[in-house]
Amino acid sequence: MSDLTTLLEVGGPVAALGGGAAYARTRHPGLYWSTVGLPLSTTRLLSSYGSVMEACGLTVAPSRLRVLAVKTTSRREVRPVPPRRGIIRPTTTGLRLRLRLAPGQEPADLAASAERLRHAWGVHAVYVTTVKPGVVDLRLVGFDVLKRVRMPRKVPAELLQLPVALREDATPFVRDYRTVPHQLTLGATLSGKSMYLRHLVAGLARQPVALVGIDCKRGVELAPFAPRLSALATDPDQAAELLPALIREMEDRYDLIKARQGIASGTPDEEITSDIWGLPERERPVPVVLFVDEVAELFLVATKKDEERRDEMVTQLIRLAQLGRAAGIYLEVCGQRFGAELGKGATMLRAQLTGRVCHRVNDEASAKMALGDIAPEAVSAACAIAPERPGLAVAGDTSGGWSRIRTPYLSLGDAAETCRNSAHLVPDLSALKRFRPDVPVRPVGTPTPVVKPRPVAD
């Protein structure tokens with residue numbers, strides 16, 4: 001009887017501790033990793049590093065000098081040599097360690113064994129990044145960081161660089177307009193595409209940048225950001241007037257570059273290789289970011305007259321995509337589908353959009369439109385996005401690289417308030433002045449309206 005009482009007294013706290021750990025692992029994975037997962041995974045890694053590398057085929061035969069030294073100093077067996085391991089650096093989401101590859105190895109060998117390493121060391125995922133020839137970074141992620149997105153607290157943000165999402169390897173996904181000037185973002189209804197666009201607008205609103213919007217859904221997506229927009233078109237007719245104004249602005253900027261660099265005035269724009277960033281800061285025009293929401297609305301036509309207008313707008317969009325980067329004009333094109341069936345010029349425009357972000361889509365053809373021409377292996381990853389995980393997307397570019405990302409939750413009210421508070425940053429562009437949206441003046445003392453949209457990323 002006394003033994004049973006002692007067992008119950010000891011078992012109660014142990015059961016409570018185990019239940020608490022299970023709860024933390026489900027509800028607070030970051031806390032569980034810091035207190036339980038990190039010590040366990042570190043112990044597994046240190047105790048089994050050599051044997052795991054040997055089992056994964058990541059060891060090589062030792063050098064003759066090493067064999068001679070072992071045989072001279074001891075009688076133990078000479079074992080294969082694993083990659084040389086650096087110091088283990090714990091993080092809030094996992095572990096990082098640097099490996100020096102053995103002769104004859106390449107980073108692809110480690111990447112091919114990532115799944116085996118994940119199971120051997122008890123982590124969620126393993127990612128391999130090349131640092132320099134012969135040296136790689138091994139990033140171990142302890143839990144699914146995309147289940148509940150928490151952006152790093154300190155992310156360096158510069159002009160036209162925005163951390164808008166989190167990658168599956170726990171690093172921030174930065175939208176860099178200087179590196180990737182134009183981007184195509186696809187996604188079905190309630191896939192999180194609007195949330196991604198919301199983060200872009202709110203992030204750029206704090207920077208000295210001109211924001212221009214084309215939202216043919218009567219402005220329901222971009223109208224809340226009107227205080228920060230330099231121009232807004234809410235139907236195809238207005239877009240048909242706004243795009244030529246942007247073309248004229250682009251041509252004026254090319255004339256400015258020509259005048260500054262002494263280029264002949266008759267030189268075609270296509271032959272000018274420099275850009276506005278080579279101008280002195282006091283003479284440099286502000287960058288312009290054009291958001292096109294639901295781009296298919298610009299392509300759909302009902303009459304012959306609409307078809308002529310469509311062809312003109314598509315031609316102007318293609319010109320902006322081809323020549324706008326040097327003039328500091330960048331495109332962010334969004335839609336549910338974007339392919340040749342939209343009409344003439346669609347495929348040509350898509351080819352100019354370097355960056356690609358594909359949220360959940362309704363069919364495989366839509367995923368191929370976004371990623372098939374730059375990263376075919378990413379198409380299956382985009383098709384596997386579940387409706388229960390809105391905000392999850394596959395991001396790629398023309399280099400062939402791709403990764404899964406997810407945007408954190410940002411309410412429409414918070415994004416609109418950010419644009420309202422930064423309205424003083426709207427630049428003075430005479431070419432776009434007549435397209436500036438009307439912003440109703442809110443009486444002093446009126447509380448900010450509470451907007452409670454359906455959460456799509458948390």
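Just so you know, these numbers come straight off a predicted model, no measurement behind them.
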> Between Ile405 and Val164, is any pair of side-chain heavy atoms under 4.5 Å apart?
Replying inline: no

>> To the closest 0.5 Å, what do you measure between CD (Gln183) and CG (Leu200)?
In response: 7.0 Å

> Would Ile88 and Leu46 satisfy side chain to side chain contact (heavy atoms under 4.5 Å, CB included), going step by step from the backbone distance to the final call?
Replying inline: CA-CA 9 Å; Ile88 298 177; Leu46 292 174; 3.6 Å; yes

>> Taking the six-membered ring of Phe173 as reference, does the cationic atom of Arg175 (NZ for Lys, CZ for Arg) lie under 6.0 Å from its centre and within 45° of its axis?
In response: no

> Can Leu371 and Leu186 be said to form a side chain to side chain contact (heavy atoms under 4.5 Å, CB included), step by step?
Replying inline: CA-CA 10 Å; Leu371 302 168; Leu186 294 187; over 6 Å; no

>> Using a 3.5 Å distance criterion without hydrogens, assess whether the side chain of Arg404 forms a donor-acceptor pair with backbone atoms of Leu392.
In response: no

> Tell me, do Tyr409 and Pro390 make a side-chain contact under 4.5 Å, heavy atoms counted?
Replying inline: no

> So, Arg206 versus Ser422: side-chain donor-acceptor pair below 3.5 Å or not?
Replying inline: no

> Which heavy-atom pair separates Leu353 from Leu349 by the least distance, and what is that distance?
Replying inline: CG-O, 3.4 Å

>> Quick check for you: to the nearest 0.5 Å, what is the distance between Leu197 atom CG and Leu410 atom CG?
In response: 11.0 Å

> Should Met348 and Gln322 be marked as a side chain to side chain contact (heavy atoms under 4.5 Å, CB included) after you check the CA-CA gap, both sets of side-chain angles, and the distance that decides it?
Replying inline: CA-CA 10 Å; Met348 187 175 181; Gln322 288 180 335; 3.4 Å; yes

>> Looking at Arg139 and Arg96, would you say the former's side chain and the latter's main chain have a donor-acceptor pair under 3.5 Å?
In response: no

>> Side chains of Val180 and Asp176, heavy atoms from C-beta outward: is any pair under 4.5 Å?
In response: no

> Under a 4.0 Å N-O cut-off, is there an ion pair linking Arg198 with Asp414?
Replying inline: no

> Out of Leu138, Val141, Leu95, which residue meets the side chain to side chain contact (heavy atoms under 4.5 Å, CB included) rule with Val126?
Replying inline: Leu138

Quiz: residues 220-233 side-chain donor-acceptor pairs under 3.5 angstrom, not counting sequence neighbours:
unit_1 : atom_1 : unit_2 : atom_2 : d
Glu221 : OE1    : Ser194 : OG     : 3.3
Glu221 : OE2    : Ser194 : OG     : 3.1
Glu221 : OE2    : Lys217 : NZ     : 3.4
Arg228 : NE     : Ala205 : O      : 2.9
Arg228 : NH1    : Val209 : O      : 3.1
Arg228 : NH2    : Gln207 : O      : 2.7
Arg228 : NH2    : Val209 : O      : 2.7

> Do the non-hydrogen side-chain atoms of Arg319 and Gln316 ever get within less than 4.5 Å of each other?
Replying inline: no

> Taking Arg253 for the side chain and Ala327 for the main chain, is one N or O donor matched with an acceptor at less than 3.5 Å?
Replying inline: yes

> side chain to side chain contact (heavy atoms under 4.5 Å, CB included) between Met313 and Ile214: does it pass, once the steps are laid out?
Replying inline: CA-CA 12 Å; Met313 288 192 295; Ile214 296 178; over 6 Å; no

>> To the closest 0.5 Å, what do you measure between CZ (Arg150) and CG (Leu166)?
In response: 11.0 Å

> Heavy-atom distance under 4.5 Å between the side chains of His359 and Ile385, does that happen here?
Replying inline: no

> Do His182 side-chain atoms and Ala321 backbone N/O form a donor-acceptor pair below 3.5 Å?
Replying inline: yes

>> Using every non-hydrogen atom in the two residues, find where Val379 and Ala367 come nearest and quote the distance to one decimal.
In response: CG1-CB, 3.9 Å

> Minimum heavy-atom separation for Tyr254 to Leu323, with atom names?
Replying inline: OH-O, 2.7 Å

>> Within the 4.5 Å heavy-atom criterion, are Met369 and Arg356 side-chain neighbours or not?
In response: no

> In Å, rounded to the nearest 0.5 Å, how long is the span from CZ of Phe435 to CG of Leu429?
Replying inline: 12.5 Å

>> Nearest 0.5 angstrom please: Leu190 CG to Met195 CE, how far?
In response: 10.5 Å

>> Check this for me, if you would: do Arg89 and Asp137 make a salt bridge, where the nitrogen-to-carboxylate-oxygen distance has to be below 4.0 angstrom?
In response: yes

>> For Glu251, is there an ion pair with Arg248 - N to carboxylate O distance below 4.0 angstrom?
In response: no

> Less than 4.0 Å between a side-chain N and a carboxylate O, is that true for Arg309 and Glu312?
Replying inline: no

> Would you say the side-chain atoms of His199 pair up with the backbone N or O of Pro408, donor to acceptor, closer than 3.5 Å?
Replying inline: yes

> Taking all atoms of both residues into account, what is the closest heavy-atom pair of Leu317 and Leu298, and its distance?
Replying inline: CD1-CD1, 3.9 Å

> Are the side chain of Ser113 and the backbone of Leu110 linked by a donor-acceptor contact shorter than 3.5 Å?
Replying inline: no

> Are side-chain heavy atoms of Leu159 and Pro208 found at a separation under 4.5 Å?
Replying inline: yes

> Closest approach of Tyr330 and Tyr177, non-hydrogen atoms and distance?
Replying inline: CE2-O, 3.4 Å

> More than 12 non-hydrogen atoms from neighbouring residues, nucleotides or ligands closer than 6.0 Å to CZ on Arg436, yes or no?
Replying inline: yes

>> Keeping Asp109 on the side-chain end and Glu106 on the backbone end, is there a donor-acceptor pair under 3.5 Å?
In response: yes

>> Taking CD in Glu377 as the centre, count heavy atoms belonging to other residues, nucleotides or ligands within less than 6.0 Å. Is the count above 12?
In response: yes

>> Under a 3.5 Å distance rule, please check whether Arg406 uses its side chain to pair with a backbone N or O of Leu146 as donor and acceptor.
In response: yes

> Looking only at heavy atoms, which two atoms of Arg167 and Ser403 are closest? And how far apart?
Replying inline: NH1-OG, 2.6 Å

>> So for atom CD, which belongs to Glu364, do other residues, nucleotides or ligands contribute more than 12 heavy atoms lying within a distance under 6.0 Å?
In response: no

>> Quick check against the 3.5 Å criterion: does Arg118 have a side-chain atom that pairs as donor or acceptor with the backbone of Leu140?
In response: no

>> For a 4.5 angstrom cut-off between non-hydrogen side-chain atoms, does Glu249 reach Leu432?
In response: no

> Which distance, rounded to the nearest 0.5 Å, do you find between the CZ of Arg325 and the CD1 of Ile276?
Replying inline: 9.5 Å

